[in-house]
Every structure is written in structure tokens, then in C-alpha cells.
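Structure first, commentary second.
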Amino acid sequence: MTFLEELKEQRWDDHRFYHHSRVNQSLHLLSAISFLVTYALLFTQPVAAALFGWIFSMCIRQVGHFFFEPKGYDDMNQATHEYKEAVKVGYNLRRKVILHTIWGLIPIVLLFVPTMFGLFAQAHTDFASYAQHLSVLWIGLAAGALLFRTIHLFFIRSVQTGLVWFTKILTDPFHDIMLYHKAPLALLRGELIEPAKPHAA
């Protein structure tokens, strides 16, 4: 496959395997919009971007996956939840638990180790400096998680697959808005699960 063909396939697999719930889709829409705000803030107010991106944008995104997405047998795709977790290109639920555990531990460790084991030259002395240090660590975690999985995919799949996934993650907010902008209206109509639809060639 070409780069764009694989990008299209990764997006389709991600949607059909992991986004059946209209609640999850609606939360992804809200998350996508807020991530665009995060992108904009990153260049002017990185502290606000890190705090908003992780605490709000990322959390509501994962709530949909953990609590609203069906985890039984997927009749639509003839696949078990275990199979989908095993073949997921990016971060499956187990990997997400590890990532968010690290995310949750960072502010606690920073509170008791103000220089973060020498990473910062000066210890935080008030909430503003604490938030600034925390934002640096959380931005670093996001970048590290993205690069780690991308390079990991270089070895277990291919360089192209890794680069495609990297591109997909960075552009997901734009794509999710296009894909899920009608989800809240469907949810208001009482449609909890998206009806099956054929994959456009």
C-alpha cells in the first residue's frame, strides 16, 4: 500500500473496531475540538496547553473507550475484543492504562521531588512554577509516548506503518470532527450504537 492508502486503512480499522458507541463518538468529537484548542495554545501558552490537553482533552477521549465502547463479541466485524486488542496498531487499552498510570504519577512525584531527580535546575516554589514544571513533563510524556510507539512500529511492522500511525495520531482531531460531527444528534435520537456501514473503497 501507498502511504495514503495505509493511512486510510488505519483510520477505517480504528473507527470500525473501536468507535461503535455514539457516546464514545460524541466524546471524541468534543475531545477533537478541545485538542485543536490545545494545538493552538501549545505555541503561545504551553502550560495551559499541557494542562488542558491532558486533563480535559485526553481524559474525555479515554472515558469513551473504557466505559462506553462495547467489549463483547463484535458481530459487525466478526472479531472478539481480545483479537482487536491484539491487532491494534497504536495504544490498546492495556497500553493506555500504563500510559495514564505514568501520567497520574508524575504530578505526585513532582510534588515530593521538586527538581524531578535533577531534571529541573530549580525546584518549584509555588503553584505557578509547579504547573510550569508539570507542563514540561506532561508535554515530554506525550512526545515520548508518540515517538516510542512510532519507533516500536518500525521494528514490529514497518517504517511506513510507524510513520502512518504518527501522522494519524497528529491529524486525528481534524478527522474525528469530520467523522463524528453528527454523533451527538444521533445520540439525541436514541441511537446508542452506530449502524453497520460498508467501507468506502
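Heavy-atom basis, side chains included; hydrogens, waters and symmetry copies ignored.
A donor-acceptor contact shorter than 3.5 Å is absent between the side chain of K84 and the backbone of D74. Formation of a donor-acceptor pair under 3.5 Å by the S31 side chain with backbone atoms of L27 is not found in this model. Of the possible donor and acceptor atoms, none in the side chain of T161 sits under 3.5 Å from a partner among the backbone N and O of R157. Listed for the Q78 side chain is a donor-acceptor partner under 3.5 Å among the backbone atoms of D75. Distance alone, capped at 3.5 Å, is enough to place a donor-acceptor pair between the E85 side chain and the L93 backbone.
When I106, L111, V113 are each tested for a side-chain contact (heavy atoms from CB on, under 4.5 Å) with V109, only one passes: V113.
Taking 4.5 Å as the limit, every side-chain heavy atom of N24 sits out of range of all side-chain heavy atoms of Y18. H20 has its side chain within reach of N77: a pair of non-hydrogen atoms, C-beta onward, lies under 4.5 Å apart. Inter-residue side-chain proximity for V89 and D13 is flagged as unmet; no heavy-atom pair is nearer than 4.5 Å. The closest side-chain heavy-atom distance from L192 to S21 is not below 4.5 Å. Side-chain contact between K168 and H175: absent, with no pair of heavy atoms (C-beta onward) separated by less than 4.5 Å. Looking only at side-chain heavy atoms (C-beta outward), L153 and F166 stay at 4.5 Å or farther from each other. No side-chain heavy atom of W103 sits under 4.5 Å from any side-chain heavy atom of M58. Considering only heavy atoms from C-beta on, P184 comes within 4.5 Å of L29 through its side chain.
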Review point. Taking it one step at a time, do W165 and Q10 satisfy side-chain contact (heavy atoms from CB on, under 4.5 Å)?
Key: CA-CA 7 Å; W165 180 77; Q10 283 194 24; 3.5 Å; yes
Review point. Between F56 and L51, does a side-chain contact (heavy atoms from CB on, under 4.5 Å) hold up when you go through it step by step?
Key: CA-CA 8 Å; F56 184 76; L51 298 180; over 6 Å; no
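In this structure, the separation between CG on L163 and OG on S158 is 8.5 Å, given to the nearest 0.5 Å. Expressed to the nearest 0.5 Å, how far CD1 of I33 lies from NE2 of H28 amounts to 13.0 Å. The CG atom of L41 sits 11.0 Å away from the CG atom of L36 when rounded to the nearest 0.5 Å.
In terms of heavy-atom proximity, A145 sits nearest to L99 at CB-CD1, 3.8 Å. In terms of heavy-atom proximity, K71 sits nearest to H81 at O-CB, 3.1 Å.
A salt bridge links R61 with D176: the distance from a Lys NZ or Arg NE/NH1/NH2 to an Asp or Glu carboxylate oxygen falls below 4.0 Å. The pair K88-D14 counts as a salt bridge, with a side-chain nitrogen and a carboxylate oxygen less than 4.0 angstrom apart.
In this pair, W138 and W54 present their aromatic rings tilted. The plane angle is within the 30 to 60° band. Using cut-offs of 30° and 60° for the angle between ring planes, the F174 and Y39 rings count as tilted. Relative orientation of the H15 and H19 rings is parallel, given thresholds of 30° and 60° on the angle between their planes. Between Y130 and F127, the two ring planes are tilted [angle within 30° to 60°].
Partners of E191 by side chain to side chain donor-acceptor pair (under 3.5 Å), not counting sequence neighbours, listed by chain and number: R22. In this structure R11 satisfies the side chain to side chain donor-acceptor pair (under 3.5 Å) test together with T171, sequence neighbours excluded.
In the displayed structure, Q132 atom CD is contacted under 6.0 Å by at most 12 heavy atoms of other residues, nucleotides or ligands. The environment of Y73 atom OH is dense: over 12 non-hydrogen atoms of other residues, nucleotides or ligands sit within 6.0 angstrom.
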